[in-house]
Amino acid sequence: LGRTPLLYAAEKGHDSVFAQIIATGLAELNCKDNLGRTTLLYAAKNGHDGVVSQILATGLADVDSKDDWGRTPLSYAAECGYDKIVSTLLSVGLADVNLTSRRKDCGQRTALSFAAQKGHVAVVKQLLEIEHININARSNYPHVSNPHLLPTRHYGSKYCYPEDDSLTAVMYAQREGHEDVAYLIE
């Protein structure tokens with residue numbers, strides 16, 4: 001997949017190996033593999049807060065780098081509920097909480113919508129503390145013929161989802177039964 005030793009160390013959370021490679025001064029911190037994933041994205045996606053901290057300490061990381069699905073380190077950390085990593089990424093002040101996927105087939109979702117769907121209360125609270133967060137961003141799912149690829153609709157329930165299948169973070173939380181999260185966002 002075109003991964004370098006540095007990418008592998010980030011993905012697997014090998015803090016000391018990562019530090020040794022960085023110390024050589026020869027490694028490209030923002031290199032991407034064939035999936036468009038960087039060291040920071042792999043570390044954030046896999047919950048390796050030590051590696052995330054090392055990467056951010058260099059001051060060279062592209063915090064909002066997107067992979068081939070348009071996902072950022074923040075969106076993966078939020079989806080997985082890694083509240084420490086979300087906090088670290090937000091504390092740098094460079095992560096854009098409103099970034100969405102650039103690929104429509106991936107739903108163009110925000111970090112908040114991923115965290116809300118999974119019911120990660122601590123992460124949702126952190127994201128909601130960001131003054132300019134767009135809580136009304138819609139997923140913009142395209143029309144597809146296979147209904148199994150679309151978010152589930154709960155007709156007859158108290159929640160009415162739009163016909164175009166675009167959902168907000170609160171709608172994802174409600175759909176998955178995370179009323180506590182939906183209440184926080186509303």
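As the structure is a prediction and not an experimental result, all values here were calculated from the model.
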Within the structure provided, determine whether [X] and [Y] are in side-chain contact (heavy-atom separation under 4.5 Å).
X    : Y    : result
H14  : Q20  : no
V170 : I135 : no
D15  : Q54  : yes
V52  : L40  : yes

Quick one: pull up [atom1] in [X] and [atom2] in [Y] and give me the separation to the nearest 0.5 Å.
X    : Y    : atom1 : atom2 : value
Q117 : E176 : CD    : CD    : 5.0 Å
E79  : R71  : CD    : CZ    : 4.5 Å
I22  : L29  : CD1   : CG    : 5.0 Å
T100 : R138 : OG1   : CZ    : 14.0 Å
L127 : N98  : CG    : CG    : 9.5 Å
L99  : L74  : CG    : CG    : 8.5 Å

*Look at E11 together with R3 and state whether they make a salt bridge at an N to O cut-off of under 4.0 Å.*
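Salt bridge: yes.
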*asked:* Using the rule given for side chain to side chain contact (heavy atoms under 4.5 Å, CB included), can you reason through V97 versus H132, listing the C-alpha separation, both sets of side-chain angles and the distance that settles it, and then say yes or no?
replied: CA-CA 8 Å; V97 296; H132 61 277; 4.1 Å; yes
*For H48 and Y82, run side chain to side chain contact (heavy atoms under 4.5 Å, CB included): C-alpha distance rounded to whole Å, both residues' side-chain angles, the deciding distance at 0.1 Å, then the answer.*
CA-CA 9 Å; H48 303 306; Y82 299 135; over 6 Å; no
[X] and [Y]: which non-hydrogen atoms are nearest, and at how many Å?
X    : Y    : answer
A116 : A169 : CB-O, 3.3 Å
A78  : A111 : CB-O, 3.5 Å
R37  : L7   : O-CD2, 3.6 Å
V51  : A43  : CG1-CB, 3.7 Å
A173 : V181 : CB-CG1, 3.8 Å
C31  : T4   : SG-OG1, 3.8 Å

*Could you walk me through whether L41 and T72 pass the side chain to side chain contact (heavy atoms under 4.5 Å, CB included) test, one step at a time?*
CA-CA 7 Å; L41 193 142; T72 64; 5.7 Å; no
Under 3.5 Å, side-chain donor or acceptor atoms of residues 85-94 against the rest of the protein: list the pairs with distances, not counting sequence neighbours.
{"unit_1": "T88", "atom_1": "OG1", "unit_2": "K84", "atom_2": "O", "d": "2.9"}
{"unit_1": "S91", "atom_1": "OG", "unit_2": "S87", "atom_2": "O", "d": "3.4"}
{"unit_1": "S91", "atom_1": "OG", "unit_2": "T88", "atom_2": "O", "d": "2.8"}

Solution key, residues 55-63 side-chain donor-acceptor pairs under 3.5 Å, sequence neighbours excluded:
{"unit_1": "T58", "atom_1": "OG1", "unit_2": "I55", "atom_2": "O", "d": "2.6"}
{"unit_1": "T58", "atom_1": "OG1", "unit_2": "L60", "atom_2": "N", "d": "3.1"}
{"unit_1": "D62", "atom_1": "OD1", "unit_2": "D64", "atom_2": "N", "d": "3.4"}
{"unit_1": "D62", "atom_1": "OD1", "unit_2": "S65", "atom_2": "N", "d": "3.4"}

*Cluster question for you: counting only ILVMFWY and a side-chain heavy-atom cut-off of under 4.5 Å, with indirect links fine, are V124 and Y76 together?*
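No; tracing contacts between hydrophobic side chains, which count when under 4.5 Å, never links both residues.
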*Start with the C-alpha distance between Y172 and L112, add both sets of side-chain angles, then the distance that settles side chain to side chain contact (heavy atoms under 4.5 Å, CB included), and finish with yes or no.*
CA-CA 10 Å; Y172 276 107; L112 180 62; over 6 Å; no
